Amino acid sequence: MVYTLTLNPSLDYVMYPKEHLEKGGINRSEKEELRAGGKGINVSIVLKNLDVPSKALGFIAGNTGDEIEGTLRSIGIRTGFIMLPFKNGMSRINVKIRIPYDDKKGYEETELNAAGPIVDEESVHELCGQIERLSDGDILVLAGSMPHTAPEDTLDKILKAVPGGVKLVVDMTGDRLKKALKYNPFLIKPNLEELCQAAGKELKTVEEITKEAQKLRKSGARNVIVSMGAEGALFLDKDGAAYSCKAPSGKPLGAFGAGDSMTAGFIKGFLENQGIEYALKLGVAAGSAAVFEGKLPDKKAIMKVFNKV
């Protein structure tokens, strides 16, 4: 079974103005969308589109938390969220403003992300209990930001709770990724920008990228995927062998959920047991489809791109 863990889920309120915003003035949107958000949740949605069942875990609070859970259940995704006490606040609402490019096809997205509710010690303990009950062979995807209101040792407690036989997939950045490396995750998925930040310099060649990714593998990760945007992805396995997959060309409409889609595509390919090259190709196809669609892609969109990779 695949589980996704989103520690600070959101309702994403997406607005589509006709043109750039007028600061201090009245701006109008042509249409709006309301969706459940968060990196782990995105992975669950794309897995569902690829016919892979998953269960979404994490913390929710208040009426917005109820809406997040209801939205996921309405599309057939199982949930096991911890409901935080009423006094702790409510799950966040993130505002996404999508401004069209000159050709009216693509967009740039400006985000205003809220802080989220207070996460208390008791709720962390309850979540760790859920994680401790996972079984050998399960996959746990830990993705996204940490609530800044959570106790300082929350991530350490979560990582310690993961049973040894569970395949831990981590898509986090900075110090959070460094903490996860100590627990030998099955897979980590930094993007190129994050890898450059970890290296403290710009990485321009495949050789430089591979060298830095190898450092992460040697620091504890069993496998590493580096997503490289239009250049596709690089994969390093537990023995240090490198695989690469070029992304196909296409018209980009936006980058929302591309990395999460790549994670979901790779997991789908891995579960089909057709080898790393197939899983990597499906991951790149899913990530590219998200860029070409400007949204989390469905199976038809992913397989259309897969045939071009």
Side-chain angles (χ1 to χ4, degrees), residues 1-6 9 12 14 33-57 68-79 96 98 105-107 109 137-141 143-144 167 169 171 186-187 189 191 225 227-230 232-233 235 243 245-309:
M1 182 68 181
V2 180
Y3 296 83
T4 63
L5 179 52
T6 309
D12 288 351
V14 190
E33 299 169 355
L34 189 65
R35 65 187 184 216
K39 291 179 68 64
I41 285 173
N42 292 342
V43 173
S44 273
I45 292 172
V46 180
L47 285 173
K48 175 68 168 56
N49 293 345
L50 288 169
D51 305 317
V52 178
S54 69
K55 187 172 184 178
L57 308 177
I68 291 168
E69 186 163 47
T71 298
L72 293 177
R73 288 183 175 180
S74 72
I75 59 175
I77 294 174
R78 295 173 58 197
T79 63
K96 317 284 186 178
R98 292 186 167 184
K105 293 181 179 179
Y107 63 85
E109 186 168 281
D138 285 341
I139 295 174
L140 175 64
V141 181
K167 292 179 171 62
V169 177
D171 186 1
F186 169 73
L187 176 68
K189 197 207 71 60
N191 60 34
I225 293 181
S227 55
M228 302 186 296
F235 181 88
Y243 305 79
C245 183
K246 187 84 171 177
S249 59
K251 173 64 181 178
L253 295 186
F256 166 72
D260 307 323
S261 298
M262 177 180 285
T263 299
F266 181 85
I267 290 172
K268 164 70 172 178
F270 175 79
L271 291 174
E272 288 188 5
N273 199 28
Q274 294 191 42
I276 290 300
E277 291 181 343
Y278 173 83
L280 183 60
K281 181 179 177 181
L282 189 55
V284 169
S288 299
V291 173
F292 301 154
E293 295 287 311
K295 61 183 181 180
L296 297 178
D298 59 21
K299 185 176 182 179
K300 181 178 179 181
I302 292 170
M303 298 316 297
K304 180 180 177 181
V305 176
F306 180 82
N307 293 326
K308 299 178 181 179
V309 176

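Given the structure is predicted, the values throughout are model-derived calculations rather than measurements.
Side-chain contact between Val46 and Pro297 is present, with at least one heavy-atom pair separated by less than 4.5 Å. By the 4.5 Å heavy-atom criterion applied to side chains, Met262 and Val284 are counted as neighbours. Contact of the Leu187 side chain with the Phe235 side chain is registered, since non-hydrogen atoms from C-beta on lie closer than 4.5 Å. Between Glu33 and Lys295 there is no side-chain heavy-atom pair separated by less than 4.5 Å. The side-chain heavy atoms of Asp171 and Val43, taken from C-beta on, include no pair separated by under 4.5 Å. Using a 4.5 Å heavy-atom cutoff, the side chains of Leu47 and Val141 are not in contact. Side-chain contact check for Val169 versus Lys189: every heavy-atom pair is 4.5 Å or farther apart. Annotation: side chain of Lys300 is not in contact with side chain of Asn49 (no heavy-atom distance under 4.5 Å).
Taken to the nearest 0.5 Å, the CD1 atom of Ile139 stands 10.5 Å off from the OG atom of Ser54. Put simply, OG on Ser44 and CD1 on Ile77 are 5.0 Å apart, with the number rounded to the nearest 0.5 Å. Leu271 contributes atom CG, which lies 10.5 Å from atom CG of Leu50 (distance to the nearest 0.5 angstrom). To the nearest 0.5 Å, atom OH of residue Tyr3 and atom CZ of residue Arg78 are 6.0 Å apart. One distance of note links NZ of Lys167 with CG of Asp138; it measures 9.5 Å at 0.5 Å rounding. Rounding to the nearest 0.5 Å places CZ of Phe306 at 12.0 Å from OG of Ser288.
For Glu277, the CD atom counts as loosely surrounded, since its 6.0 Å shell holds 12 or fewer non-hydrogen atoms of other residues, nucleotides or ligands.
The pair Lys268-Glu272 counts as a salt bridge, with a side-chain nitrogen and a carboxylate oxygen less than 4.0 angstrom apart.
Each of Thr4, Asp260, Thr6 was scored for a side chain to side chain donor-acceptor pair (under 3.5 Å) with Lys39, with one residue passing: Asp260.
When every heavy atom of Ser261 is checked against every heavy atom of Ala290, the shortest pair comes out as OG-CB, 3.6 Å. Taking all atoms of both residues into account, the shortest heavy-atom contact from Ile45 to Ala36 is CD1-O, 4.4 Å. Scanning both residues, Thr79 and Lys55, for their nearest heavy atoms gives O-CE, 3.4 Å. Nearest heavy-atom pair, Val291 versus Ala255, reported as atom, atom and distance to 0.1 Å: CG2-CA, 4.4 Å. The two atoms that bring Val2 and Pro53 nearest to each other are CB-O, 4.0 Å, heavy atoms only. Across all their heavy atoms, Val309 and Cys245 have their closest contact at CG1-SG, 3.2 Å.
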#### Entry: side-chain contact (heavy atoms from CB on, under 4.5 Å) assessment of Ile75 paired with Lys48
CA-CA 9 Å; Ile75 59 175; Lys48 175 68 168 56; 5.6 Å; no

### Query
Yes or no on side-chain contact (heavy atoms from CB on, under 4.5 Å) for Lys96 and Phe256, after CA distance, side-chain angles and deciding distance?
CA-CA 10 Å; Lys96 317 284 186 178; Phe256 166 72; 5.8 Å; no

### Message
For Phe266 and Ile276: C-alpha separation, side-chain torsions, deciding distance, then whether side-chain contact (heavy atoms from CB on, under 4.5 Å) applies.
### Response
CA-CA 9 Å; Phe266 181 85; Ile276 290 300; 4.2 Å; yes

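Judged by distance alone, the side chain of Asn191 and the main-chain N or O of Gly229 form no donor-acceptor pair under 3.5 Å. At least one donor-acceptor pair under 3.5 Å links the side chain of Ser74 to the backbone N or O of Thr71.
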